[in-house]
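Since this is a predicted model, take the numbers as computed values, not measurements. Quick note on labels: first sequence line is chain A, next is B, and so on, each numbered from 1.
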Protein chains: 2
Amino acid sequence: MKAKITLKDIARELEVSISTVSKALKNSEEISRDTKEKVQAFAKLYNYKPNNIAISLKNKRTKNIGVVIPDIVHHFFTTVIRGIEKYANARGYNVIVCLSEESFDKEVINMEMLANGSIDGFIMSLASQTQEKGDYNHLKEVTDQGIPVVLFDRITHEIDCDKVIIDDELGAYQATKKFIDQGKKKIALITTDDYLSVSKARTKGYWKALQESEMGADESMILKMPSMEMDEAAIKDFLNAKEPDAVLCVNEIFAVYSMRLVQEKGLRIPEDIAFIGFTDGVLSKYANPSLTVVAQHGEKMGEESARMLIDKVESEAEEETYQTKILEPTLVIRDSIAH
Amino acid sequence: MKAKITLKDIARELEVSISTVSKALKNSEEISRDTKEKVQAFAKLYNYKPNNIAISLKNKRTKNIGVVIPDIVHHFFTTVIRGIEKYANARGYNVIVCLSEESFDKEVINMEMLANGSIDGFIMSLASQTQEKGDYNHLKEVTDQGIPVVLFDRITHEIDCDKVIIDDELGAYQATKKFIDQGKKKIALITTDDYLSVSKARTKGYWKALQESEMGADESMILKMPSMEMDEAAIKDFLNAKEPDAVLCVNEIFAVYSMRLVQEKGLRIPEDIAFIGFTDGVLSKYANPSLTVVAQHGEKMGEESARMLIDKVESEAEEETYQTKILEPTLVIRDSIAH
DNA sequence: TGTCAACACGAAAACGGTTTCGTTGAATAT
DNA sequence: ATATTCAACGAAACCGTTTTCGTGTTGACA
């Protein structure tokens with residue numbers, strides 16, 4: 001077990017000062033060729049690597065970015081993290097991941113843990129409980145301290161910061177329009193409660209498309225689930241009662257489960273009933289039939305978020321200008337609709 | 001924008017020394033009631049929080065643990081991270097996630113980045129390229145420096161450290177046995193190349209179960225895919241050529257895709273052909289029919305890994321004793337086999 | 001009244017770097 | 001021979017804590 005070597009060790013061994021070693025390793029003009037070569041050779045030999053913590057303390061930059069998300073098992077968040085990680089890593093940053101598990105308290109605790117010097121900025125997506133509660137003081141505190149924050153997907157307009165979202169309303173609108181164009185007459189929506197910013201936007205897009213159509217929108221064709229958890233009975237009852245010929249679901253799971261239900265009833269997909277979901281995950285791709293979805297481009301979203309955050313972190317300027325980047329969703333056509 | 005307040009600020013404001021402030025905040029006996037109350041009140045008022053970086057530098061403990069995994073989009077790794085995160089967080093640790101993306105070089109770079117003070121220990125699962133190459137010098141260097149490492153799932157026996165695995169051989173053995181007990185006669189295996197430690201173990205279990213049976217094992221009933229990527233044509237050809245009545249797959253995706261292929265051919269699942277996969281992910285649960293799988297208990301695995309790592313990090317003792325924890329897989333019975 | 005604890009606090013080193021600002025000695029200019 | 005310049009290096013401050021080791025003041029006791 002060979003412990004890590006420090007500048008002090010090198011200085012002692014070579015009988016020069018710590019400053020000289022530091023400068024020599026940075027190839028400073030101040031130091032003679034001889035000394036530089038000697039120091040660098042020694043450093044290489046003993047595999048000297050500067051201590052990140054010491055450097056962080058000195059320049060008040062950690063090169064870490066904190067990511068606080070509700071869940072990691074959901075495919076969408078997973079792809080976002082990957083996007084963040086790839087981009088951040090390429091720029092020399094590490095990613096600290098914290099899970100709020102949809103809990104307001106955990107979100108607060110995690111942010112507090114990280115805000116005390118551990119990170120240079122936050123990328124986050126709000127916990128459902130936070131959006132429900134509408135309490136964003138923990139975010140305000142962090143931004144007040146001058147720590148940059150980028151909000152993605154589940155955002156709030158009450159905080160001034162950079163944001164990255166996809167146009168959920170447009171995605172739902174296009175999906176619904178697709179159904180209408182295909183001659184579907186009873187188009188249902190299975191969603192979650194409106195406190196989630198994304199669900200709200202999707203419902204809006206669905207509603208708008210139907211209102212613009214001849215048939216108009218009908219409140220009773222919308223099933224609002226109280227949480228993200230599957231309530232299998234609720235979906236079953238809803239589908240039996242309404243007998244839609246097209247269903248838009250706010251996630252993959254609702255859609256795939258619904259497809260199975262109607263298949264058991266003997267309905268054909270997409271002839272008798274068509275489906276479109278949100279999130280282009282593994283489930284959609286391998287479902288039977290494969291599921292048409294509104295792709296959210298999570299990886300791209302992560303990359304954009306990381307870019308915005310790091311740019312802000314590294315910009316000396318204290319401009320208080322924030323932008324909201326809106327990514328366009330795309331419809332990935334698969335076998336759950338006619339084509 | 002109110003910047004963070006430091007001990008020095010409090011000391012200046014209250015006209016005491018920094019040491020006094022530090023002690024007062026720690027409720028030291030050395031400090032008088034009066035002073036302590038004054039300092040604590042002031043600290044509360046200005047929301048003083050100690051700087052993590054400074055503390056890290058002082059006690060050479062970061063309370064961060066580095067997790068280096070091949071991929072995050074795979075459900076299994078995702079659940080492991082969740083397990084790590086939950087447990088680590090409960091013990092006051094943060095999790096820094098790095099992705100090797102199955103690349104040896106990225107694995108090395110990530111470890112080097114983190115090893116210079118950023119973390120107290122590593123939890124990792126080896127990149128396929130690393131296992132293929134058999135080069136573990138980057139791990140050796142880290143352990144030589146006294147940094148604790150816990151390897152999970154994709155491990156190597158060439159490094160002395162704690163390990164957490166599931167008994168992949170047993171899982172495959174049990175699954176294969178299940179097929180045999182159900183009277184299946186042509187039991188196939190779809191796996192990846194043997195350099196992955198887990199694939200190797202699973203193949204071994206499959207082989208053992210068949211050898212113990214009357215029918216014996218047959219090399220030609222094994223399809224080895226060169227990588228984790230889906231090669232749809234290879235699977236199709238294999239299934240058409242061998243016409244198995246039972247298929248064990250080393251992951252969900254191979255299984256679900258194979259199921260769809262045979263369904264298109266008009267075969268009934270599980271009567272004509274049964275399936276068992278590995279990894280109890282969202283795909284298995286919502287596939288049609290739902291897929292019987294060997295559950296790997298990723299979350300438990302993450303939790304165990306984190307426990308072992310943190311215990312080692314916090315133990316002053318320099319015991320050089322390492323243990324390998326073997327988790328038992330369990331068969332989750334669903335509709336892709338008779339029951 | 002002198003001595004000694006006990007109390008309450010401060011100075012300073014340490015963690016491992018970076019960086020500014022001397023300081024030294026030799027070479028050059030005058 | 002003296003003043004000036006420059007190359008090469010070191011001392012020390014600093015980042016924000018913790019912690020050890022004084023130190024001055026007070027009160028009690030002989």
How would you list all residue pairs meeting ring pair (Phe, Tyr, Trp, His ring centres under 6.0 Å) that involve residues 131-151 of chain B, not counting sequence neighbours?
F104(B)-H138(B)
Do other residues, nucleotides or ligands put more than 12 heavy atoms under 6.0 Å from K4(A) NZ?
yes
Would you indicate whether the side-chain heavy atoms of M111(A) and M124(A) approach each other to under 4.5 Å?
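Touching, per the 4.5 Å side-chain cut-off.
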With a 4.0 Å cut-off, would you call R154(B) and E102(B) a salt bridge?
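Yes, this pair counts.
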Salt bridge or not between D162(B) and R307(B)? Use side-chain N to carboxylate O under 4.0 Å.
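Between R307(B) and D162(B) there is no salt bridge, as every charged N stays at least 4.0 Å from the carboxylate O atoms.
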Rounded to whole Å, the NZ-P distance (K4(A) to dC15(C)) equals 17 Å
Between C1' on dC15(D) and CD1 on I53(A), what's the gap in Å once rounded to a whole number?
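Interatomic distance, CD1 of I53(A) to C1' of dC15(D): 13 Å.
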Please list, for nucleotides 19-22 of chain D, all pairs of protein and nucleotide N/O atoms separated by less than 3.5 Å.
unit_1: dT20(D); atom_1: O4; unit_2: K23(B); atom_2: NZ; d: 3.2

Terminal axes of the helix from dT1(C)-dA30(D) to dT30(C)-dA1(D) (five pairs each): angle between them, nearest 10 degrees:
80°
Going by side-chain hydrogen bond (donor to acceptor under 3.5 Å, both in side chains), name the pairs with one or both residues in residues 51-60 of chain A, residues two or more places apart or in two chains.
N52(A)-S118(B)
Is the closest side-chain donor-acceptor distance between Q129(B) and S103(B) under 3.5 Å?
no
To the nearest 0.5 Å, how far apart are [atom1] in [X] and [atom2] in [Y]?
{"X": "L114(B)", "Y": "F122(B)", "atom1": "CG", "atom2": "CZ", "value": "5.0 Å"}
{"X": "K86(B)", "Y": "I72(A)", "atom1": "NZ", "atom2": "CD1", "value": "11.5 Å"}
{"X": "T62(B)", "Y": "L57(B)", "atom1": "OG1", "atom2": "CG", "value": "11.5 Å"}

Any sub-3.5 Å donor-acceptor pair from Q131(A)'s side-chain atoms to L126(A)'s backbone N or O?
no
Sub-3.5 Å donor-acceptor pair from the side chain of R82(B) to the main-chain atoms of L99(A), do we have one?
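A pair under 3.5 Å: no.
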Nucleic acid contacts of residues 6-14 of chain B, taken as heavy-atom distances under 4.0 Å to DNA chain D:
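The answer is T6(B), L7(B), K8(B).
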Does the side chain of Y48(A) get closer than 4.0 angstrom to OP1 or OP2 of dG16(C) through an N or O atom?
no
Please work out which residues in residues 31-43 of chain B have a non-hydrogen atom less than 4.0 Å from an atom of DNA chain C and list them by number.
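Within this stretch, I31(B), S32(B), T35(B) sit under 4.0 Å of the strand.
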